[in-house]
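Step one of this worksheet: look at the structure below.
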Amino acid sequence: MTRTSTQVAVVGGGPAGLMASHLLHRAGIETVVLDHREVREIETTHRAGILERDSVRLLTETGVYSPGAERVLTHGDRHGGIDLRFGGRSHRVDFERLVGASVWLYPQTEVFSDLHRARTRDGGDLRYGVRDVQVHDVLGTPRVTFTGADGSPHEVTAELVVGADGSRSACRDLVEPRTRSSREYPFAWFGILCEAPKSAPELVYTRSDRGFALISQRTESVQRMYFQCDPGEDPGAWSDARIWDELQTRLAGEDGFSLVEGPVIDRSVLPFRSFVQTPVRHGNLLLAGDAAHTVPPTGAKGLNLALADVRVLAEVVERALGKKDPDLLDEYADRALARVWKAQHFSYWMTTMLHRSASDTDFDEARQLGELNSLVSSEAGSTYLAEGYTGWPAR
Ligand code: DHB
């Protein structure tokens with residue numbers, strides 16, 4: 001058994017775990033990051049692509065990049081608004097004009113790679129491809145045991161453990177839940193990557209009689225698109241032609257808008273759930289990101305919320321370790337959960353405003369169009385969307 005000790009053991013080496021490790025390192029706090037996945041697997045799992053204003057700041061203002069080499073700014077695309085499309089027409093919501101903010105299209109896989117590069121550059125202790133990760137004694141002096149990538153047994157002793165191990169979190173199971181709030185939706189998203197030029201300069205969130213569709217982008221030659229589907233849908237059962245037909249039908253309208261088609265190079269069905277578990281602290285274990293909460297993808301809040309969590313977490317952990325006062329850790333839950341519930345509402349709201357469900361009545365359909373019409377024709381309504389989409393100020 002190889003034994004090491006550190007100040008904070010971070011379980012989960014995705015963007016949340018790596019950002020936590022990066023921020024703690026900046027505060028002079030040692031971490032060890034553990035993940036059962038290989039780096040390559042994380043780098044090639046396609047996830048969301050929109051960063052709120054403060055997520056971009058967190059990347060550019062905390063030394064993730066060398067000065068002048070801020071990859072999110074040089075390789076990402078700034079979007080000053082989105083299109084809401086319904087009734088066959090697009091309505092632009094102009095974030096810049098409404099709230100003086102924008103978002104950046106920069107895929108989560110790139111955020112991961114940038115953080116991984118930064119932690120490696122700064123000598124971070126990162127262990128990917130480890131097995132049998134188990135967290136012990138979080139009410140006393142925590143230990144994490146695991147089998148190293150070479151098959152040898154290890155134990156890391158730490159003052160604190162951060163559980164950033166995603167929506168199927170094992171750390172979460174160590175916390176006796178006080179509340180577990182969730183909502184299931186009767187649909188999922190069919191997500192594709194295709195080789196084609198952009199069909200639109202910004203995101204197009206579409207409500208159609210056949211259900212929701214979202215047009216997003218990746219590069220000049222690769223695009224990301226989604227459409228609402230049945231949760232049990234088999235992505236392999238869809239030919240390219242059928243996928244394009246479904247997307248074109250949902251986007252069609254009197255303005256003649258149509259998508260530029262190309263070969264579909266990746267397809268998957270994304271699960272859909274709203275979930276929050278409390279408490280997010282159990283002794284010396286703190287949960288962050290998807291381990292503590294998941295949002296449906298409409299509005300792209302998942303990654304942004306995870307980054308907002310770990311920003312607060314790093315600040316609170318720095319103070320608690322510095323003053324040797326574990327009671328100070330309670331501030332994490334209070335501050336993080338306030339934002340979590342704003343994002344839960346926002347994601348739920350955008351989802352229900354744009355998706356169709358089999359049980360919808362004529363009333364539901366007309367009410368949904370009434371909501372969209374009042375949103376795009378009201379300065380107050382559009383501003384509410386713009387504020388939530390670009391992200392509430394950190395507190
Ligand atoms: C993307 C994903 C989302 O869930 C969203 O709301 C916007 C964009 C994306 O993958 O580009």
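Quick caveat, the model's predicted, so the values are computed rather than measured. For ligands, and for the atoms within them, numbers begin at 1 and follow the listed sequence.
- The aromatic rings of H116 and F112 lie parallel to each other, with less than 30° between the two planes, well short of the 60° mark.
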What are the atom names and distances for all N or O pairs under 3.5 Å between ligand 1 and the protein?
residue	atom	partner	partner atom	Å
ligand 1	4 (O)	P297	O	2.7
ligand 1	6 (O)	Y205	OH	2.6
ligand 1	6 (O)	P297	O	3.1
ligand 1	6 (O)	G299	N	3.1
ligand 1	6 (O)	A300	N	3.1
ligand 1	10 (O)	G49	N	3.4
ligand 1	10 (O)	R218	NH2	2.7
ligand 1	10 (O)	Y226	OH	2.5
ligand 1	11 (O)	S216	OG	2.6
ligand 1	11 (O)	R218	NH1	2.9
ligand 1	11 (O)	R218	NH2	3.4

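- Residues passing the salt bridge (charged side-chain N to carboxylate O under 4.0 Å, His left out) test with D234: none are found, sequence neighbours excluded.
- Among the candidates W189, F187, Y226, F86, the single residue satisfying the ring-ring contact (aromatic ring centres under 6.0 Å, His included) test with F212 is W189.
- A salt bridge links E331 with R335: at least one charged nitrogen is closer than 4.0 Å to a carboxylate oxygen.
- Of the charged side-chain nitrogens involved, at least one lies within less than 4.0 Å of a carboxylate oxygen, so that R117 and D114 count as a salt-bridged pair.
- Side-chain contact check for H136 and T145: at least one donor-acceptor pair (N or O, by modelled atom type) lies under 3.5 Å.
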